[in-house]
Structure formats: structure tokens, C-alpha cells
Amino acid sequence: MMKRYLLVLLFASAIFTTQAAEVHGVKVDDSAQLGDSTLVLNGAGIRTKMVFKVYVGALYLAAKKADAAAVLADAGAKRVALHMLHSLTAEKLVHALDEGLEANNSAAELAALEPQLKAFRQHMMSGGAVKEGDVIVLDYLPGKGTQANMNGKVLGTTEGEAFNQALLRVWLGDHPVDASLKKAMLGH
């Protein structure tokens with residue numbers, strides 16, 4: 001009888017640990033495969049602007065980190081997944097990303113990254129408007145850059161670790177686009 005109880009408990013435990021998290025009705029995977037790296041969900045939350053719930057943002061890292069500076073300093077593979085809850089034109093999406101970049105990076109940092117910023121904007125514009133249910137994935141691949149995907153379609157890759165750090169500051173910087181989302185992405 002005790003053996004049966006332990007097996008049931010073990011089975012239930014295995015099911016619980018493989019389930020995806022759910023945020024505002026969006027199932028968020030608890031891990032992601034990025035090249036040879038298996039990333040774990042660091043945290044996920046909702047990006048709200050005014051009264052609109054814009055997207056569920058999820059951060060994936062090789063190992064969980066609760067400190068934004070540690071995430072930014074980590075040169076390893078990482079992923080930010082944006083599960084859209086609200087439709088946006090490509091222009092509005094790029095504008096919102098630009099606002100986050102400008103709020104969290106100095107003018108000198110942005111000037112040094114201008115070629116990468118221009119390329120990234122073009123990649124994001126090429127995806128067109130985003131609709132509720134779309135998923136934008138921003139993968140950092142060390143030595144290659146930040147690959148933008150929309151619904152599994154590669155939009156382009158932007159070179160450089162410095163660019164990826166600047167982009168991550170949109171969510172994890174001193175002036176993030178949403179402070180509660182920053183806390184959630186850091187697992188708080």
C-alpha cells in the first residue's frame with residue numbers, strides 16, 4: 001500500500017513540475033530550448049499600459065536570477081517571449097520599444113548602437129501588425145546576436161551583446177516599461 005501511495009505521489013509530482021505556468025489565461029512554457037541550451041522560465045507577468053493589457057512577457061535564462069543586474073551581466077543565451085493580448089500596428093510596437101530603449105539607455109549608448117537599432121526596427125516592421133494571440137520571441141544567441149521571431153517566423157538577427165543588453169533594459173532597466181512586469185520577470 002505504501003509503495004502504491006509513493007508511486008501516485010511521484011507521478012503527481014512529475015505532472016506538476018512539467019506543467020506550464022499560466023498568466024492571464026496564457027500558457028507560458030516552463031522551459032525553452034535555444035540551440036544547445038535549455039533555458040528555464042525565470043518569471044512572467046503582464047505588460048499593462050493605461051487600462052490595456054498589452055502582452056504577457058516571459059523571461060528565460062540558463063539559471064534563475066532574481067537580480068536585474070545579474071541578468072544583464074549574463075553573457076549566456078536568453079529569451080524574452082511576448083504573448084500578445086492586444087493588437088498593435090508594427091509602427092506602434094516599434095515606437096513602444098524605442099520608448100523603452102530611450103528610457104533605459106543613455107544617448108551615447110544608443111548612438112553607439114544606431115546601426116543595430118536601425119536593423120532591429122526593420123526586422124520588427126517586417127513582421128507587420130501584431131494581433132491578439134501572436135507571439136514575439138527575442139532570442140539572444142551568444143556570438144550571433146538577438147534573433148527576432150513572430151509566430152515561429154524569423155524576422156532577422158541583430159548583432160551584438162551590447163544591443164541585447166540595451167534591449168533587455170526595456171523590461172529590466174531602471175525605468176522599465178512596466179515595473180510590475182519587471183518584478184514578475186525576475187521571479188518576485
Side-chain angles (χ1 to χ4, degrees), residues 32 34-35 37 39 42-50 52 54-62 65-84 86-130 134-150 153-186:
L34 185 53
S37 301
L39 306 179
N42 199 68
I46 299 173
R47 161 70 165 118
T48 303
K49 184 162 183 166
M50 291 185 253
F52 298 105
V54 183
Y55 55 77
V56 170
L59 174 65
Y60 294 86
L61 304 169
K65 292 179 175 35
D67 179 62
V71 174
L72 293 168
D74 180 359
K78 44 187 92 59
R79 169 176 286 178
V80 172
L82 308 176
H83 301 263
M84 301 307 295
H86 190 74
S87 297
L88 295 172
T89 64
E91 292 81 6
K92 283 187 179 181
L93 177 64
V94 169
H95 178 73
L97 289 167
D98 278 343
E99 283 181 340
L101 284 159
E102 289 169 11
N104 290 284
N105 297 280
S106 71
E109 289 168 326
L110 293 175
L113 293 172
E114 188 51 42
Q116 290 93 334
L117 292 168
K118 183 178 178 185
F120 180 71
R121 288 181 193 110
Q122 288 173 339
H123 301 323
M124 298 308 293
M125 291 295 288
S126 74
V130 292
D134 285 348
V135 180
I136 298 169
V137 175
L138 304 168
D139 288 333
Y140 177 67
L141 305 154
K144 294 183 181 172
T146 304
Q147 185 179 76
N149 297 274
M150 186 185 298
K153 178 186 172 197
V154 175
L155 302 177
T157 302
T158 306
E159 295 178 356
E161 184 180 354
F163 169 77
N164 185 259
Q165 289 172 343
L167 183 61
L168 282 174
R169 285 188 198 103
V170 169
W171 300 281
L172 303 178
D174 292 336
H175 308 284
V177 293
D178 188 313
S180 63
L181 175 59
K182 175 181 176 176
K183 285 182 179 182
M185 290 176 105
L186 292 172

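Count residues from 1 along the sequence. This is a predicted model, so every value here is computed, not measured. The figures that follow rest on heavy atoms only: side chains count, while hydrogens, waters and symmetry mates do not.
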- prompt: Can you check whether Leu59 reaches Leu172 side chain to side chain, under 4.5 Å on heavy atoms?
  reply: yes
- prompt: Are side-chain heavy atoms of Val56 and Ile46 found at a separation under 4.5 Å?
  reply: yes
task: State, yes or no, whether a side-chain contact exists between Val135 and Met84 at a heavy-atom distance under 4.5 Å.
output: no
- request: Give the minimum heavy-atom separation between Ala77 and Pro142, together with the two atoms involved.
  value: N-CG, 3.6 Å
task: Apply the test side-chain contact (heavy atoms from CB on, under 4.5 Å) to residues Tyr140 and Asp74: give CA-CA distance (whole Å), side-chain angles for both, the deciding distance (0.1 Å), then the verdict.
output: CA-CA 11 Å; Tyr140 177 67; Asp74 180 359; over 6 Å; no
message: One pair to check against side-chain contact (heavy atoms from CB on, under 4.5 Å): Leu101 and Val170. What are the steps and the verdict?
response: CA-CA 5 Å; Leu101 284 159; Val170 169; 3.9 Å; yes
message: For a quick check under 3.5 Å, do Glu91 and His95 share a side-chain donor-acceptor pair by atom type?
response: no
query: Hey, are Arg121 and Glu114 close enough for a salt bridge, meaning a charged N less than 4.0 Å from a carboxylate O?
result: yes
- prompt: Taking the side chain from Arg47 and the backbone from Asp178, do they hold a donor-acceptor pair closer than 3.5 Å?
  reply: no
- prompt: Would you call Tyr60 and Leu34 a side-chain contact if the rule is heavy atoms closer than 4.5 Å?
  reply: no
message: For a side-chain contact (heavy atoms from CB on, under 4.5 Å) check, start with the C-alpha distance between Asn42 and Lys78, then their side-chain angles and the critical distance, and finish with the verdict.
response: CA-CA 10 Å; Asn42 199 68; Lys78 44 187 92 59; over 6 Å; no
task: Return yes when atom CD of Gln147 has more than 12 non-hydrogen atoms of other residues, nucleotides or ligands closer than 6.0 Å, and no otherwise.
output: yes
task: Apply side-chain contact (heavy atoms from CB on, under 4.5 Å) to Trp171 and Val80, showing your working.
output: CA-CA 9 Å; Trp171 300 281; Val80 172; 4.3 Å; yes
query: Which residue, Asn104, Asp174, Asn105, Asn164, forms the side chain to side chain donor-acceptor pair (under 3.5 Å) with Arg169?
result: Asn105
- prompt: Side chains of Ile136 and Leu93: closer than 4.5 Å at any heavy-atom pair?
  reply: yes
